[in-house]
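Remarks on the structure that follows.
Here the structure is a predicted model, which is why all the values come from computation and not from measurement.
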Amino acid sequence: MFRRERSIPLRGSAAALCNNLSVLQLPLRNLTHFGVVHGPSAHLLSAAPEGVPLAQRQLHAKEGAGVSPPLITQVHWCVLPFRVLLVLTSHRGIQMYESDGSVMVYWHALDSGDASPVQAVFARGIASSGHFICVGHTASAGTWSGRVLVFDIPAKGPNIVLSEELAAHPTSVTDIASEPAQGQDCVADMVTADDSGLLCIWRSGPEFKLSTQIPGFGVPCTSVQLWQGTIAAGYGNGQVRLYEASTGTLHIQINAHARAICALDLAPDVGKLLTAAEDTFVHIWKLSRSSESGYIEVEHCHGECVPDIQVCGARFCDPSGNSFAVTGYDLAEILRFSSM
């Protein structure tokens with residue numbers, strides 16, 4: 001069971017975007033960072049365990065080329081083996097900051113400003129894999145196409161390099177997830193999703209290689225997670241599907257929500273899966289692998305209704321899944337829940 005804790009006030013509200021919450025826990029400092037997007041700005045907050053806000057910072061989308069104000073599409077902390085970077089994506093480009101948002105260390109423009117009015121570009125979907133940061137890039141000139149930009153991140157400093165572009169998605173990229181390969185060769189350790197529901201599974205390395213593809217079924221995949229070789233994918237019809245990453249085999253299909261899923265998260269230490277959707281519910285599930293069959297098994301652990309709120313982001317606040325946070329459209333606070 002979970003109980004409602006003290007909420008964290010926001011200077012603004014959260015935009016109606018999927019995956020609109022990022023959480024970074026700093027156990028050594030007894031702090032938790034929260035990041036939320038609204039329009040052309042991102043709100044960063046630091047809070048103590050009891051929810052007392054200690055510091056707030058507001059970051060704005062870099063103008064780049066163009067006349068209309070840029071909108072931020074996502075904010076996400078990328079935990080690399082040697083540093084932590086904060087990544088912002090927008091309709092203009094990709095911004096990377098030191099973890100506290102104090103210094104921008106890299107800027108990547110998405111267009112040169114000479115794009116025709118019918119062309120749209122934006123970035124969305126952020127994940128780190130080894131010493132790389134991967135960001136989804138979408139462009140449309142009558143037909144949508146999605147790519148994944150792979151940035152090679154140095155141990156320190158701003159010498160970040162765009163090392164590769166992965167072209168496998170016929171529509172816009174929606175989300176990216178990864179997990180450490182743990183030194184195993186030929187292990188699929190990154191998954192990318194798009195608006196058609198297509199999932200692409202990759203093996204990271206000096207050159208990323210496409211391992212397998214899982215076809216969509218006419219419904220967008222809005223959020224995706226990867227845990228111990230299992231892909232958890234949330235869809236616009238409220239379903240959660242669990243696949244084997246190495247083969248693309250469907251293990252389990254859960255009719256988890258009545259409306260579109262807007263966020264998934266995993267507590268890696270214990271295999272808890274969090275799902276949040278536009279039906280105002282947040283559910284927590286326990287994943288485990290059967291010792292006999294080797295298949296993934298799922299147990300429902302908790303359901304929480306957040307009434308009268310259009311949920312747009314939800315994340316665990318610790319790797320054991322003992323607490324989670326929720327954001328909602330036009331809601332000027334971050335809701336917090338912890339286990340009793």
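Ring pair His300/Trp285 is perpendicular by interplanar angle, where above 60° counts as perpendicular and below 30° as parallel. Between Tyr106 and Phe151, the ring planes lie perpendicular to each other; the angle is over 60°, past the 30° to 60° tilted range. In this pair, His302 and Phe324 present their aromatic rings tilted. The plane angle is within the 30 to 60° band.
Judged purely by atom type and a 3.5 angstrom limit, Trp202 has no side-chain atom pairing as donor or acceptor with the backbone of Leu210. Asn20 contributes no side-chain N or O that, together with a main-chain N or O of Val36, makes up a donor-acceptor pair within less than 3.5 Å. A donor-acceptor pair is defined here as one N or O able to donate and one able to accept, closer than 3.5 Å; no such pair exists between the side chain of Ser145 and the backbone of Pro170. Looking at Thr327, its side chain does come within 3.5 Å of a backbone N or O of Gly313 through a donor-acceptor pair. Proximity of a side-chain donor or acceptor of Thr138 to a complementary backbone N or O of Val173 within less than 3.5 Å is detected. Side chain of Ser211 to main chain of Ile201: no donor-acceptor pair is present (N/O by atom type, distance under 3.5 Å, no hydrogens or angles). In this structure, Glu333 contributes its side chain and Ile8 its backbone to no donor-acceptor pair below 3.5 Å. Judged by distance alone, with hydrogens and angles left aside, the side-chain atoms of Trp107 form no donor-acceptor pair with the main-chain N or O of Gly93 at under 3.5 Å.
Of the candidates Asp195, Asp175, Asp194, Arg124 forms a salt bridge (Lys or Arg N to Asp or Glu O under 4.0 Å) with just one, namely Asp195. Screening Val105, Leu59, Val75, Leu88 for a side chain to side chain contact (heavy atoms under 4.5 Å, CB included) involving Gln95 leaves a single residue, Leu88.
Rounding to the nearest 0.5 Å places CG of Leu24 at 4.5 Å from CG of Leu26. Rounded to the nearest 0.5 Å, atoms OG (Ser163) and NE2 (His131) are 8.5 Å apart. Taking CE of Met190 as the reference point, atom OG of Ser204 lies at 7.5 Å (rounded to 0.5 Å). Ser46 OG to Gln56 CD: the interatomic distance, rounded to the nearest 0.5 Å, is 9.0 Å. For the atom pair CG (Leu166) and CD1 (Ile176), the distance works out to 8.5 Å, reported to the nearest 0.5 Å. Separating the CG atom in Asp330 from the OG atom in Ser13 is a distance of 5.0 Å, to the nearest 0.5 Å.
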Report all side-chain donor-acceptor pairs from residues 229-246 shorter than 3.5 Å, counting only partners two or more places apart or in another chain.
from	atom 1	to	atom 2	distance (Å)
Thr230	OG1	Arg289	NH2	3.0
Tyr235	OH	Tyr243	OH	3.4
Asn237	OD1	Gln239	N	3.1
Gln239	OE1	Arg241	NE	3.1
Gln239	OE1	Arg241	NH2	3.2
Gln239	NE2	Asn255	OD1	3.3
Arg241	NE	Gln253	OE1	3.3
Arg241	NH2	Gln253	OE1	3.1
Glu244	OE1	His251	NE2	2.8
Glu244	OE1	Arg289	NH1	3.4

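A 6.0 Å sphere centred on CZ of Arg57 holds more than 12 heavy atoms belonging to other residues, nucleotides or ligands. Summarising the local packing, CZ of Phe217 is surrounded by more than 12 heavy atoms from other residues, nucleotides or ligands at distances under 6.0 Å. With a 6.0 Å radius and a threshold of 12 heavy atoms from other residues, nucleotides or ligands, Phe2 has its CZ atom above the threshold.
Between the side chains of Thr32 and Gln25, no donor N or O sits under 3.5 Å from an acceptor N or O. Between the side chains of Arg11 and His43, no donor N or O sits under 3.5 Å from an acceptor N or O. With 3.5 Å as the limit, one finds a donor-acceptor pair spanning the side chains of Thr192 and His169. No donor-acceptor contact under 3.5 angstrom links the side chains of Ser41 and His60, judged on distance only. Defined by atom type and a distance below 3.5 Å, a donor-acceptor pair is present between the side-chain atoms of Thr73 and Thr89. At a cut-off of 3.5 Å, with distance as the only test, no side-chain donor of Ser178 or Asp189 sits close to an acceptor on the other residue.
Taking every heavy atom of both residues into account, Phe132 and Leu80 meet most closely at O-CD2, 3.8 Å. Pairing each heavy atom of Val270 with each of Ser320, the nearest pair is CG2-O, 3.2 Å. Between Ala314 and Ala263, the shortest heavy-atom distance links the atoms N-CB, 3.7 Å. Shortest non-hydrogen contact noted between Ala168 and Leu198 is O-CD2, 3.7 Å. When every heavy atom of Gly328 is checked against every heavy atom of Ile309, the shortest pair comes out as CA-CG2, 3.6 Å. Of all non-hydrogen atoms in Ser90 and Ala61, the two that sit nearest each other are CB-CB, 4.2 Å.
Placement of Leu250 and Val224 within a single hydrophobic cluster is found when ILVMFWY residues are connected by side-chain heavy-atom separations under 4.5 Å, directly or transitively. In terms of hydrophobic clustering, with Ile, Leu, Val, Met, Phe, Trp and Tyr side chains grouped at heavy-atom distances under 4.5 Å, Val326 and Leu45 are assigned to different clusters. Taking hydrophobic clusters as Ile, Leu, Val, Met, Phe, Trp and Tyr residues chained together by side-chain heavy-atom distances below 4.5 Å, Leu287 does not share a cluster with Ile284. Clustering ILVMFWY residues whenever any of their side-chain heavy atoms sit less than 4.5 angstrom apart, transitively, puts Val306 in a cluster other than the one holding Ile334. In this structure, Leu71 is not a member of the same hydrophobic cluster as Tyr329, with clusters built from ILVMFWY side-chain heavy atoms closer than 4.5 Å.
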Evaluation steps, side-chain contact (heavy atoms from CB on, under 4.5 Å), between Ile160 and Leu85: CA-CA 12 Å; Ile160 296 170; Leu85 292 181; 4.3 Å; yes
message: I'd like to know whether Cys134 forms a side-chain contact (heavy atoms from CB on, under 4.5 Å) with Phe208, so could you lay out the CA-CA distance, the side-chain angles of the two residues, the decisive distance to 0.1 Å, and finally the verdict.
response: CA-CA 11 Å; Cys134 302; Phe208 281 62; 3.9 Å; yes
- prompt: Could you walk me through whether His257 and Glu278 pass the side-chain contact (heavy atoms from CB on, under 4.5 Å) check?
  reply: CA-CA 8 Å; His257 293 271; Glu278 294 178 359; over 6 Å; no
query: Hey, mind stepping through Arg336 and Arg4 against side-chain contact (heavy atoms from CB on, under 4.5 Å) and telling me if it holds?
result: CA-CA 6 Å; Arg336 297 170 57 249; Arg4 177 88 173 264; over 6 Å; no
- prompt: Under the side-chain hydrogen bond (donor to acceptor under 3.5 Å, both in side chains) criterion, do His283 and Thr275 qualify, and how do the steps go?
  reply: CA-CA 5 Å; His283 290 293; Thr275 66; 5.7 Å; no
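At least one side-chain heavy atom of Gln74 sits less than 4.5 Å from a side-chain heavy atom of Asn19. Within the 4.5 Å cutoff, the side chain of Thr280 has no heavy atoms near those of the Asp308 side chain. Between Leu335 and Leu331, the closest side-chain pair of non-hydrogen atoms falls below 4.5 Å. Counting heavy atoms from C-beta outward, Val23 and His33 have side chains that stay 4.5 Å or more apart.
Here Arg3 pairs with Glu5 in a salt bridge; the nearest charged N to carboxylate O distance falls below 4.0 Å. Ion pairing between Glu297 and Lys286 fails under the 4.0 Å rule for side-chain N and carboxylate O.
Residues in residues 310-319 take part in these side chain to side chain donor-acceptor pair (under 3.5 Å) pairs, two or more places apart or across chains: Asp265-Arg315, Asp318-Ser323.
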